[in-house]
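Atoms within a ligand are numbered from 1 in the order they appear, just like the ligands themselves. These figures come from a predicted structure and were not determined experimentally. Positions are given from 1, in the same order as the sequence printed here.
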Amino acid sequence: MIGRWTFHGHAIVSEDDRIAGADGLTPDSLRNEADWRRFQSALDTAAVTILGRLGHEVNPNPKRRRRLVMSRSVAGLERHDDGWWWNPAGMSIGKALAEVAPEGGVAAIPGGREVFDFFLETGFDRFDLARVAGVRIAGGIPIFSSVSEGRSAAGSLAAHGLRPAPPEVLDAAAGVSVTRWQRTG
Ligand SMILES: NC(=O)c1ccc[n+]([C@@H]2O[C@H](COP(=O)([O-])OP(=O)(O)OC[C@H]3O[C@@H](n4cnc5c(N)ncnc54)[C@H](OP(=O)(O)O)[C@@H]3O)[C@@H](O)[C@H]2O)c1
């Protein structure tokens with residue numbers, strides 16, 4: 001939590017904690033209708049969505065939700081036709097959100113990897129981690145950089161002060177469940 005904003009991460013990963021394939025795209029094996037509905041309804045109630053430039057480019061924004069797009073191509077904060085573009089090296093998250101979502105509320109964070117790394121250090125208040133059983137993506141993009149150093153996604157969330165609730169099955173036939181990690185104390 002910073003000021004009036006809380007940070008909620010959202011990801012769907014393979015068994016080996018990958019969010020995308022080696023080609024940088026989300027494979028069909030990580031797409032699931034029940035998880036998509038859960039994710040979309042979380043975005044509907046968020047004050048702002050914060051995502052990386054690549055994810056922004058491949059995921060259109062038909063509902064015109066308020067987006068804060070992280071990119072090193074801007075100096076600080078800029079308003080573009082497709083949303084607000086932000087470089088944390090040039091402006092703090094608190095200042096950026098005061099401009100973009102002055103009413104406060106939930107900042108929903110769907111990644112990708114470097115964005116998740118940034119907010120792991122800033123402090124997630126909650127993280128909904130969905131997983132597809134039986135899917136492995138060799139060479140894919142990990143949810144956190146630390147996965148490449150041998151630490152699981154669960155290990156990273158736990159090391160940063162979050163604790164898991166029991167997993168909830170979203171789609172038994174497809175082997176998809178979601179675990180809500182919440183900051184304690
Ligand atoms: N399965 C899932 O839950 C899930 C979650 C997220 C994404 N995805 C998929 O993964 C793919 C993209 O993920 P990705 O990790 O490759 O890329 P990404 O996070 O979407 O975008 C990376 C870009 O974001 C900007 N960025 C990230 N961290 C920054 C920082 N600290 N400061 C300034 N700019 C920063 C940089 O943009 P510039 O190059 O402009 O500087 C960087 O090149 C997409 O296919 C997406 O759909 C899947």
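The ring-ring contact (aromatic ring centres under 6.0 Å, His included) test applied to Trp5 returns no partner, not counting sequence neighbours. With sequence neighbours left out, Thr26 forms a side chain to side chain contact (heavy atoms under 4.5 Å, CB included) with Leu30, Arg31.
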Give the intermediate values and the outcome of ring-ring contact (aromatic ring centres under 6.0 Å, His included) for residues Phe127 and Phe116. CA-CA 10 Å; Phe127 202 113; Phe116 285 142; 5.3 Å; yes

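Remark: Glu168 does not engage Arg38 in a salt bridge, criterion side-chain N to carboxylate O under 4.0 Å.
Sorted by first and then second residue, the side-chain hydrogen bond (donor to acceptor under 3.5 Å, both in side chains) pairs with a member in residues 141-151 read Arg113-Ser145, Asp117-Ser145, Ser146-Ser156; sequence neighbours excluded.
At a heavy-atom cutoff of 4.0 Å, ligand 1 is surrounded by Ala11, Ile12, Ile19, Ala20, Gly24, Leu25, Thr26, Gly52, Arg53, Leu54, Gly55, Val58, Asn59, Met70, Ser71, Arg72, Asn87, Pro88, Pro110, Gly111, Gly112, Arg113, Glu114, Val115, Ile141.
Asn61 contributes atom CG, which lies 7.5 Å from atom NE2 of His56 (distance to the nearest 0.5 angstrom).
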